[in-house]
Number of protein chains: 2
Amino acid sequence: MQIKSPDCTVCQFRSMMFDSLSRDELGRLNTCKSQHLFGKGELIVREGSAIQAIIYLHKGLIKLHKTTSDGRSQIISIARPFDFVGLLSVFSNDLYRYSITAIEDSSVCFINKDCIHHEILNNGKFALDIIRRMSQATDDVLQAKFSLSMKHLRGRIAHILLDFAENIYNTLAFDLPVSRKEISELIDMRPENVIRILSEFRKDGIIRINGPEIVILKPELLRQISDAG
Amino acid sequence: MQIKSPDCTVCQFRSMMFDSLSRDELGRLNTCKSQHLFGKGELIVREGSAIQAIIYLHKGLIKLHKTTSDGRSQIISIARPFDFVGLLSVFSNDLYRYSITAIEDSSVCFINKDCIHHEILNNGKFALDIIRRMSQATDDVLQAKFSLSMKHLRGRIAHILLDFAENIYNTLAFDLPVSRKEISELIDMRPENVIRILSEFRKDGIIRINGPEIVILKPELLRQISDAG
DNA sequence: CGCGGCTTTGATGTTCATCAAGTAAAGTGG
DNA sequence: CCACTTTACTTGATGAACATCAAAGCCGCG
């Protein structure tokens, strides 16, 4: 669903996006963007389709994911508001290498790829900004995958629970926006084992579970399990 | 060992590096670079040290690697000549997140980070070039790790052998530049299993082994094993 | 209602890490 | 140049971690 696009020059998130652009430049960008709403579960970008725009997440939560040859799915990362998404392949490829799907109701800004190109060519400060963001995003993904590959299943679950609590919701009680199956795709294991280990944590009094609701009762212990691997 | 730095403006690899720079700009870069030789096994950059330069691999082969909390090591990627290395964290961090070590005798160009910054700020075309390279490098690493995580051990070994043959040496007969242990760190398994599976492949007549020398006798079969996972 | 997908728990099997032990190769000091 | 140490390589045996299989309950949806 496309909605009325507010003016970038007065966008409340402007400073987080385009600090380095002048009012004029922002005005130009304003003419080549469009804002859309996506409901939970709705597909935003299909893997393999042509890249036309950079995606800026305004509100909500989205996942980058990929389907394997044998039909299974893997989640590359989860993006939070104010993240640019898909910076990774936008400049090196013509086709998206990942699908993007909303995992909560989300508001998304599409900024035409050519416009971004144009601004990069003409504004070095903006270019440097984009580069910094790309580096950061990449580092984060690699760091996460690296750290996961060193951990046993219990450590991975502990890690992902703390991640949701600390980096996404900023509270020890939250509703999981993803199914057990999706968690398994995010941290590279089977759904059965996600459930099994969550149950163990529940029995051990480390967390409380109510359907999608998770309450972390012993964050220190969870941290310990995550660090131990 | 530092060697006489040839002039960038006449560097034979210039076009692969800095297509988008004018003669003047190349001249400026020339003043803030230095070229060094590293022997096989020599450390080029230590993880955690301050980032002062971008590294351009002129000749040889180098690895990016990382040490875990429990003292083990993991190889992130292997870089070939003409690759920029460490673009990943150069712009988002003050410290190197990975170590870099020569795995063959290598010639390396250090280009001061501030100079690169300066050129990016003043030359949009160069900025776009850098962004493209970063994207490509990142995509490749993620793609490789993604594909590995889907495979069983035999598939990983098959994959890495084909990678050396097709993407690095362009021949079915080559000397492995890395030890069995390093292979295990690159594809996330144990050295014992690297050896075991190489032996199996040898017994099955898929490859021939002579110490470090590998000859791939049945590339199609190897491809099949790699694809099957 | 009934179908399909997600969830949950238990039982079984496979893959792989770990342990152990021995050989070869490569560097080190006398 | 040879004893000595260390590091890499190799093979086999064992066990742990995890995937797979099976079956039953749940929920949303046409």
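Naming: A, B, ... by sequence-line order, numbering from 1 per chain.
Between the CZ atom of B/Arg190 and the C1' atom of D/dC9 there is a distance of 17 Å, given to the nearest Å. In this structure, A/Ile197 places its CD1 atom 14 Å from C1' of D/dA16, rounding to the nearest Å. Taking atom CG of residue B/Asn210 and atom C1' of nucleotide C/dA25, one finds them 15 Å apart after rounding to whole Å.
Under the 3.5 Å distance criterion, the side-chain polar atoms of A/Ser184 are left unmatched by any main-chain donor or acceptor of A/Arg190. A donor-acceptor contact shorter than 3.5 Å is absent between the side chain of B/Thr101 and the backbone of B/Gly41. In this structure, the side chain of A/Asn112 does not engage the main chain of A/Lys33 through any donor-acceptor pair within 3.5 Å. The closest donor-acceptor contact from the side chain of B/Asp105 to the backbone of B/Gly39 lies at 3.5 Å or more, if one exists at all.
Over its full length, the helix from C/dT7-D/dA24 to C/dG30-D/dC1 turns its helical axis through 40°, comparing axes from the five pairs at each end and rounding to 10°.
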Only distances under 3.5 Å count here; give the side-chain donor-acceptor pairs of residues 72-85 of chain A to other protein atoms, sequence neighbours excluded, each with its distance to 0.1 Å.
{"residue": "A/Arg80", "atom": "NH1", "partner": "A/Asn167", "partner atom": "O", "Å": "2.8"}
{"residue": "A/Asp83", "atom": "OD2", "partner": "A/Arg80", "partner atom": "N", "Å": "2.9"}

Distance-only donor-acceptor pairs under 3.5 Å for side chains of residues 151-160 of chain B, two or more places apart:
{"residue": "B/Lys151", "atom": "NZ", "partner": "B/Ser226", "partner atom": "O", "Å": "2.6"}
{"residue": "B/Arg154", "atom": "NH1", "partner": "B/Glu200", "partner atom": "OE1", "Å": "2.6"}
{"residue": "B/Arg156", "atom": "NE", "partner": "B/Lys151", "partner atom": "O", "Å": "3.1"}
{"residue": "B/Arg156", "atom": "NH1", "partner": "B/Ile187", "partner atom": "O", "Å": "3.1"}
{"residue": "B/Arg156", "atom": "NH1", "partner": "B/Asp188", "partner atom": "O", "Å": "2.7"}
{"residue": "B/Arg156", "atom": "NH2", "partner": "B/Lys151", "partner atom": "O", "Å": "3.3"}

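Of the residues in residues 144-162 of chain A, not one comes within less than 4.0 Å of DNA chain C through any heavy atom.
The side-chain hydrogen bond (donor to acceptor under 3.5 Å, both in side chains) test with A/Gln136 is passed by exactly one of A/Asp139, A/Thr138, A/Asp140: A/Asp140.
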TODO: If a protein heavy atom is under 4.0 Å from the base, mark B; if only from the sugar-phosphate, S; if neither, -; do that for nucleotides 23-30 of chain D going 5' to 3'.
DONE: --------
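Side chains of B/Ile100 and B/Phe38 form no contact here, defined as non-hydrogen atoms less than 4.5 Å apart. The side-chain heavy atoms of A/Val45 and A/Tyr98, taken from C-beta on, include no pair separated by under 4.5 Å. Counting heavy atoms from C-beta outward, B/Ile168 and B/Phe174 have side chains that stay 4.5 Å or more apart.
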Task: B/Ser106 vs B/Leu57, side chain to side chain contact (heavy atoms under 4.5 Å, CB included): CA-CA, chis, key distance, verdict - done: CA-CA 8 Å; B/Ser106 296; B/Leu57 181 58; 4.0 Å; yes
List, with names and distances, any nitrogen or oxygen atoms from the protein found under 3.5 Å away from nitrogen or oxygen atoms belonging to nucleotides 6-10 of chain C.
{"residue": "C/dT7", "atom": "OP1", "partner": "A/Arg180", "partner atom": "N", "Å": "3.2"}
{"residue": "C/dT7", "atom": "OP2", "partner": "A/Arg180", "partner atom": "N", "Å": "3.4"}
{"residue": "C/dT7", "atom": "OP2", "partner": "A/Lys181", "partner atom": "N", "Å": "3.1"}
{"residue": "C/dT8", "atom": "OP2", "partner": "A/Arg180", "partner atom": "NE", "Å": "2.9"}
{"residue": "C/dT9", "atom": "OP2", "partner": "A/Ser199", "partner atom": "OG", "Å": "2.6"}
{"residue": "C/dG10", "atom": "N7", "partner": "A/Arg196", "partner atom": "NH1", "Å": "3.1"}

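Crowding of A/Arg208 atom CZ: a count of heavy atoms from other residues, nucleotides or ligands under 6.0 Å not exceeding 12. Heavy atoms from other residues, nucleotides or ligands lying under 6.0 Å from CG of A/Asn170 number more than 12.
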